[in-house]
2 protein chains.
Amino acid sequence: MHKNHFHKLLVKDLGIDTYRENIIFIRADSHVCRSEGFTALTRVVVHKNGAEIVATLNVVTSNLLQDGEAGLSQEALKRLGVTDGTIIEISHLHPIDSLKYVRAKIYKKELDDIGYSEIIKDVVAGHYSNIEIAAFVSACAGNNLSVQEIISLTKAMIAVGQRLDWHQPMVLDKHCVGGLPGNRTTPIVVSIIAAAGLTIPKTSSRAITSPAGTADTMETMTPVNLSIDEIKRVVDLEGGCFAWGGAVKLSPADDLLIAVEKALDIDSEGQMVASVLSKKAAAGSTHILIDIPVGPTAKVRSQEEALRLQYYFKAVSDAIGFHTEIVITDGTQPVGRGIGPALEAQDVLAVLRNETDAPNDLRQRSLALAAELLKLSGNYTLGTERTAAQTILESGKAYEKFMAICMAQGGFTEPEVAPYSYEILAEKDGCITAIDNRKLARIAKMAGAPKSPTAGVMFLAPLGKCVQKGDVLVRIYAESHGELEYAKEYVATIEGLVEIG
Amino acid sequence: MHKNHFHKLLVKDLGIDTYRENIIFIRADSHVCRSEGFTALTRVVVHKNGAEIVATLNVVTSNLLQDGEAGLSQEALKRLGVTDGTIIEISHLHPIDSLKYVRAKIYKKELDDIGYSEIIKDVVAGHYSNIEIAAFVSACAGNNLSVQEIISLTKAMIAVGQRLDWHQPMVLDKHCVGGLPGNRTTPIVVSIIAAAGLTIPKTSSRAITSPAGTADTMETMTPVNLSIDEIKRVVDLEGGCFAWGGAVKLSPADDLLIAVEKALDIDSEGQMVASVLSKKAAAGSTHILIDIPVGPTAKVRSQEEALRLQYYFKAVSDAIGFHTEIVITDGTQPVGRGIGPALEAQDVLAVLRNETDAPNDLRQRSLALAAELLKLSGNYTLGTERTAAQTILESGKAYEKFMAICMAQGGFTEPEVAPYSYEILAEKDGCITAIDNRKLARIAKMAGAPKSPTAGVMFLAPLGKCVQKGDVLVRIYAESHGELEYAKEYVATIEGLVEIG
């Protein structure tokens with residue numbers, strides 16, 4: 001494709017981290033810029049024995065670089081697999097053909113398999129700038145995708161990733177659509193299901209717009225950046241795992257789209273369904289349980305929205321050949337007490353250890369989901385699943401399995417506690433009548449979660465609980481003074497976090 | 001608003017040009033990153049005595065910077081008005097409130113005056129990243145804006161810019177919706193109207209997705225980066241001007257939106273109308289003529305689309321209080337021979353100089369538009385406008401006025417000719433039956449237009465012209481060997497550029 005003029009340049013590692021984007025730095029007055037007419041923001045192709053990436057040009061007007069040298073961002077160095085001193089070649093970027101599909105989508109056209117496949121291939125190849133990914137993500141948001149399009153997108157995302165094969169007829173998985181702070185049932189459910197002798201190779205994501213993803217939470221207790229071989233070893237050994245999906249590039253397209261969705265703080269129903277199911281397919285799952293919490297301030301706010309999602313998940317699952325069950329659950333308030341990686345980990349451990357003060361809502365929810373999965377497996381007489389799940393948890397078998405999996409993944413450490421904290425107190429006597437999950441999540445994020453693992457919020461005022469003036473409603477944790485101050489400032493500006501009637 | 005912790009840092013000018021985006025470079029292991037939890041892509045506020053910008057953080061892992069130092073991109077240095085050695089302060093960015101409107105728009109909600117006003121204010125203040133601007137632009141594209149929203153957007157864009165006041169009841173202006181290569185009537189029309197004693201302070205834009213904008217073309221002959229005072233001086237002296245709107249920040253919001261639209265190669269009808277009319281309002285215009293060329297490969301492809309645009313322009317003009325007339329013109333083929341800044345300038349001069357071989361289509365079109373403007377002025381008996389326009393052109397008065405305006409703007413220079421060229425020849429005898437304007441424009445762009453002012457395409461095969469095998473259909477001009485090769489490669493891959501029947 002790139003048959004035009006190549007220019008040899010000497011790589012200089014400037015040690016600049018631009019996160020996801022490939023940036024190349026070249027002198028404005030260099031031979032290559034003058035002869036090819038390259039200027040700031042020109043998109044160029046960078047080659048190194050066969051491998052190639054597309055990078056955005058930042059021109060340098062200082063002596064940071066000499067003529068003939070090219071600085072590459074850390075991401076670009078990694079993607080191209082080169083280091084300081086390597087000779088690379090750069091050339092013009094031919095127009096990216098698949099952008100015509102992105103433009104068509106912006107204009108509300110319906111795309112087919114080919115459109116999504118071309119777009120996703122280019123995204124994964126690093127041919128898109130963040131601006132172009134943002135345009136695609138935005139065009140797909142707002143329920144702009146038909147079911148057929150969601151199927152096409154899902155297939156395209158599956159096609160560019162790896163796919164695990166467990167050589168067995170039934171591989172279980174579960175996923176919570178999220179948006180419910182502290183809803184960390186996965187580690188408990190996986191432990192119960194694996195303890196029941198079933199296979200559940202769980203890969204989880206990190207937080208997109210929430211204060212913590214399951215991978216963030218598990219990482220405070222055990223390594224989650226497992227390679228595919230490590231996942232296979234752990235699952236062969238214990239029947240389950242707690243791995244970060246991103247680390248194994250099970251759905252590389254998804255990781256890139258999510259990075260931009262996160263920056264924009266938007267979720268698209270179609271992309272969410274494609275994201276979830278592409279990861280499940282990549283993980284080699286066959287039987288999947290989807291948990292959709294519904295509440296006025298949860299990610300899914302109405303029963304109607306939940307039913308639409310249920311329909312999407314069902315339709316796409318059928319097209320791909322999954323056995324998928326959907327449960328719509330209560331999303332009116334946080335689950336457990338902790339909101340943030342380490343704080344949620346403490347709740348998880350309390351339930352697994354059958355501690356008397358363990359958050360009962362998290363316990364009940366986990367048992368219900370585990371029971372649904374046992375039912376989905378078809379190995380239990382109808383009605384006995386719940387008891388089976390409860391027995392496994394109360395007998396300590398689930399905790400044993402949890403620890404065994406952690407050990408197989410590289411060890412277990414107790415989650416730590418953040419050094420800085422601040423308490424929000426009840427201003428009057430009364431009972432809790434309303435909670436704003438979004439504001440709670442935002443406080444946790446401003447305090448540093450999930451980037452700072454021990455940061456977040458301890459929520460002590462569940463609906464219906466009666467409190468006295470001065471009681472602690474919420475305790476904020478932060479790892480730095482600046483972040484705590486930042487969260488406190490935000491708290492000072494909001495109202496209706498917790499309503500006392 | 002930003003009451004959180006400030007950190008003092010010493011500015012280091014790294015000489016890195018990131019084009020439009022504010023980037024700040026800080027060591028990953030610096031005190032500020034550790035204490036505030038800043039990482040790559042964190043958006044931070046940079047302060048310098050009162051002034052503040054929002055910048056995206058790129059963390060540095062090398063000795064490029066020391067702890068306590070901050071590198072700023074050229075754009076950030078300019079916007080903040082600081083240089084190497086200045087002490088700046090940085091702090092957390094509070095959530096940008098107006099992004100909630102962008103998200104609402106992505107979800108197809110209709111926004112009101114406040115929504116657009118808040119978004120545009122933040123965009124102009126530099127609070128949006130390019131990713132966020134891309135999301136807004138995409139959400140507004142695809143005819144996603146109601147007329148009321150276009151009015152709100154236009155008002156918002158007018159509000160953040162300056163506004164010229166000419167202290168007179170009638171200030172004329174014209175605008176071509178574009179998409180027609182080589183359609184450079186503006187310099188001719190402005191010269192005729194100003195020669196007629198009317199006031200037409202024309203501000204033009206640079207190319208968005210086309211090979212040349214009027215500002216690009218005029219810049220090959222005279223300075224167009226005029227300050228507002230210079231525009232006033234020129235117009236007071238000569239009645240008209242050829243200024244680049246962007247230089248005077250008449251519509252600063254527009255310049256930022258267009259930078260992203262350009263990167264995405266999309267045009268949004270609503271944003272186009274808002275963009276055009278906000279510039280007209282800023283220029284202090286009262287009577288406006290809009291030229292909408294229609295053709296299968298022009299920007300506006302169908303009569304229906306043209307009529308919808310006409311409706312938008314009329315409705316928004318009424319809301320703002322403009323006298324606006326729309327003419328829908330033939331857009332089936334390029335106008336004149338040149339496509340690209342300098343090449344189009346040569347056509348303009350040929351017409352103004354009444355040269356016998358001047359492109360007649362450009363001449364006729366310019367006369368028709370000038371006549372419409374004279375009619376709009378109400379100073380002429382119906383039916384006499386066309387003769388009046390023609391007399392002014394043929395008498396040389398238009399050329400005199402053109403030169404006088406150029407002199408007032410800082411002098412006139414003959415447009416130059418590019419050093420590299422390549423000819424596309426007719427492969428058989430016959431007459432021209434079809435032309436693909438988009439492919440012609442793309443060739444000109446790949447050859448370097450408008451960045452390389454003398455680059456572009458000389459189009460010698462108008463519809464209906466009969467040619468013999470070997471005749472030159474198109475001559476490509478480039479300023480560098482690489483760019484010429486690049487354009488030639490593209491030509492080799494396409495078909496249907498010019499159809500010979």
Side-chain angles (χ1 to χ4, degrees), chain A residues 3-5 13-20 25 28 34-37 39-41 58-64 73-74 92 94-95 99 102-103 106-108 129-135 137-139 141-144 260 263-266 442 448 451-452 479-483 485-486 489-490, chain B residues 3-5 13-20 25 28 34-37 39-41 58-64 73-74 92 94-95 99 102-103 106-108 129-135 137-139 141-144 260 263-266 442 448 451-452 479-483 485-486 489-490:
Chain A
K3 272 192 264 67
N4 58 31
H5 279 240
D13 181 351
L14 297 176
I16 292 176
D17 179 359
T18 56
Y19 195 50
R20 288 276 182 190
F25 302 86
R34 280 183 288 100
S35 68
E36 296 289 340
T39 57
L41 288 204
N58 281 187
V59 298
V60 172
T61 56
S62 68
N63 289 327
L64 207 56
S73 62
Q74 302 300 297
H92 277 278
H94 285 239
L99 282 172
V102 173
R103 283 189 286 269
I106 288 171
Y107 288 97
K108 314 279 184 303
S129 70
N130 281 347
I131 287 180
E132 289 157 343
I133 294 176
V137 165
S138 306
N143 310 335
N144 214 2
V260 170
L264 293 173
D265 200 358
I266 56 169
R442 169 151 268 175
K451 222 166 37 203
S452 309
E479 294 187 358
S480 77
H481 178 71
E483 286 168 310
E485 286 304 311
Y486 184 47
E489 268 176 65
Y490 171 69
Chain B
K3 274 191 265 67
N4 57 30
H5 278 243
D13 181 351
L14 297 175
I16 292 176
D17 179 0
T18 55
Y19 194 51
R20 288 278 184 187
F25 302 88
R34 281 184 286 101
S35 68
E36 297 289 337
T39 56
L41 289 202
N58 281 187
V59 299
V60 172
T61 56
S62 68
N63 287 327
L64 206 58
S73 61
Q74 302 300 294
H92 276 279
H94 286 239
L99 283 173
V102 173
R103 284 189 285 271
I106 288 172
Y107 288 98
K108 313 277 182 305
S129 69
N130 281 348
I131 285 181
E132 290 157 342
I133 293 176
V137 165
S138 306
N143 311 333
N144 213 4
V260 171
L264 293 173
D265 200 358
I266 56 168
R442 170 148 266 176
K451 222 165 38 203
S452 310
E479 294 186 359
S480 76
H481 179 70
E483 287 169 311
E485 286 304 311
Y486 185 46
E489 268 176 66
Y490 172 68

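Note that these values count all heavy atoms, side chains included, but never hydrogens, waters or copies made by symmetry. Letters A, B, ... mirror the listed sequences (proteins, then strands); counts begin at 1.
Heavy-atom pairs under 4.5 Å with chain A were tallied for B:Leu64, B:Val137, B:Asp13; the largest tally goes to B:Leu64. Per-residue counts of heavy-atom pairs under 4.5 Å with chain A were compared for B:Ile16, B:Asn143, B:Thr61, B:Asp17; the largest is that of B:Asp17. Ranked by heavy-atom pairs under 4.5 Å with chain A, the first of B:Asn144, B:Ile266, B:Val260, B:Ile131 is B:Ile131. Most heavy-atom pairs under 4.5 Å with chain A, from the set B:Gly448, B:Gly142, B:Ser73: that is B:Gly142. Your options are A:Leu99, A:Val60, A:Asn63, and the one with the most heavy-atom pairs under 4.5 Å with chain B is A:Val60.
Closest non-hydrogen pair, A:Glu132 versus B:Leu264, comes out as CA-CD2, 3.8 Å. When all heavy atoms of B:Ile106 and A:Ser138 are compared, the closest pair comes out as CG2-O, 3.8 Å.
With a 4.5 Å cut-off on non-hydrogen atoms, A:Ser452 does not touch chain B at all. Neither the backbone nor the side chain of B:Glu479 comes within less than 4.5 Å of any heavy atom in chain A.
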